[in-house]
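Scroll down for the structure; my scribbles are underneath it.
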Protein chains: 2
Amino acid sequence: MATTTAAQKRVRAKVEYDAFLAGCPSRQLLDRISDKWVALVLAALGDDACAPGHAAPGVLRYSELSRRLAGVSQKMLTQTLRSLERDGLVTRTVTPTVPVTVTYELTDLGRSLRELLRGVKDWAEAHMDEVLDHRREYDARTS
Amino acid sequence: MATTTAAQKRVRAKVEYDAFLAGCPSRQLLDRISDKWVALVLAALGDDACAPGHAAPGVLRYSELSRRLAGVSQKMLTQTLRSLERDGLVTRTVTPTVPVTVTYELTDLGRSLRELLRGVKDWAEAHMDEVLDHRREYDARTS
DNA sequence: CAGGATCCCGCTAGATACTG
DNA sequence: CAGTATCTAGCGGGATCCTG
């Protein structure tokens, strides 16, 4: 089945995405997920030790998230969560209590991205001192 | 040495960075590296098969980068490269030819971040279809 | 070739007020 | 509690022109 293989390859090449290309949807998706709040929201949702003494791990309420992500505005948090929900990275569950309870949880897709972004967040925290040193040196050299 | 361990832990806790905190420098660093252009520049600089038939792999000229990152403006490319240089992620080398030749190369620090960000870029390309499906479903459900 | 300098528009993030 | 709605200031980012 050499011919089918070659044909399949051609078809494959057509539907493959390349973020280096300006018009490619993956470029826009890369832009979406390359976001401070996305990284922090996903990190918080996967953090089991986040909201101790309550229901299931990895399930957080809106208010818990906003407390965890210090300094986030309601607008940005809601916007980020909506975007993540639309892209299928988190699920939003509304429980009709009084007042209403809304919880967010990672999907499998979200979990896969979370692993990557947690690495980026950890990198930032781990190499902070190194970067700070480089900045000082650079600023001294160019001033 | 239980006391020293406890003391060390306390000292450690002081100098550790936490991107969840608003004032933490690592939050700002996370914001910097959570950037479309950062991901693409680092990805391009590590790509050996990028500029075939020329000097060393992983060494790219300004014009080669701007060609690779389709749609990037000069301003954003220069701005991104400056920032990366300042943070010690890339080195900038000026060769006094006529006209001048400027090349960029990853540092070890930059290489370590590149591995992570390449994962993010690959994720975007790999899961594009899945995300697109979720968006269609979401838009249909909410319209 | 590899930018620097400037102008300027858009839209995004933040603050504030209101609601089911 | 978990948002929506509205307004606005600020700046991100593109276009354009210029230079060593």
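As a basis for the values below, the full set of heavy atoms in this structure was taken, side chains included, without hydrogen atoms, waters or symmetry mates. A, B, ... follow the sequence lines: proteins, then strands. Residue 1 opens every chain. Please read all numbers here as calculations on a predicted model, not as lab measurements.
Ranking C:dA17, D:dA2, C:dG3 by closeness to the A:Tyr62 side chain, first place goes to D:dA2. Residue A:Thr78 places its side chain closer to D:dG3 than to any other of D:dG3, D:dC1, C:dC1. Checking C:dG3, D:dG3, C:dC1 against the side-chain heavy atoms of B:Tyr104 singles out C:dG3 as nearest. Out of C:dG14, D:dA2, D:dG14, the shortest distance to the side chain of A:Met76 is found at C:dG14. Closest to the side chain of A:Arg82, from the set D:dG14, D:dG3, D:dC7, is D:dG3.
A salt bridge is absent between B:Asp139 and B:Arg136: the closest approach of a Lys/Arg side-chain nitrogen to an acidic carboxylate oxygen does not fall below 4.0 angstrom. Remark: A:Arg111 does not engage A:Glu115 in a salt bridge, criterion side-chain N to carboxylate O under 4.0 Å.
As a whole-Å value, the separation of A:Gln74 CD from D:dC1 P is 11 Å. Atoms CG (A:Leu60) and P (D:dC1) sit 15 Å apart, rounded to a whole Å. Rounded to an integer number of Å, the gap from CG of A:Asp35 to C1' of D:dG12 is 14 Å. Rounded to whole Å, the distance from CZ on B:Arg67 to C1' on C:dA2 is 12 Å. For the pair A:Glu85 CD and D:dG3 P, the computed distance is 9 Å after rounding to whole Å. The interatomic distance linking B:Leu81 (CG) with D:dG13 (P) rounds to 15 Å, in whole Å. The distance between atom CG of A:Leu69 and atom C1' of D:dA2, rounded to the nearest whole Å, is 15 Å. Residue B:Trp37 contributes atom CH2, which lies 11 Å from atom C1' of D:dG14 at whole-angstrom precision.
In summary, the side chains of A:Asp87 and B:Tyr138 do not present any donor paired with an acceptor at a separation below 3.5 Å, with no hydrogens or angles considered.
Contact annotation for B:Gln79: no contact, since no heavy-atom pair falls under 4.0 Å across all strands.
Along DNA chain D, the nucleotide nearest A:Lys75 and the nucleotide nearest B:Pro99 are compared for position; the residue whose nucleotide lies closer to the 5' end is A:Lys75. Mapping A:Val72 and B:Arg92 onto DNA chain C by nearest heavy atom places B:Arg92 closer to the 5' end of the strand. Residue order along DNA chain C, read from the 5' end via each residue's closest nucleotide, puts A:Lys36 first among A:Lys36 and A:Val100.
A:Leu40 CG to A:Thr80 OG1: the interatomic distance, rounded to the nearest 0.5 Å, is 9.5 Å.
The side chain of B:Ser63 contributes an N or O atom lying less than 4.0 Å from OP1 or OP2 of C:dA2. Using a 4.0 Å cut-off, some side-chain N or O of A:Arg61 falls inside it from OP1 or OP2 of D:dA2.
Side-chain contact between A:Leu60 and A:Arg68 is absent, with no heavy-atom pair separated by less than 4.5 Å.
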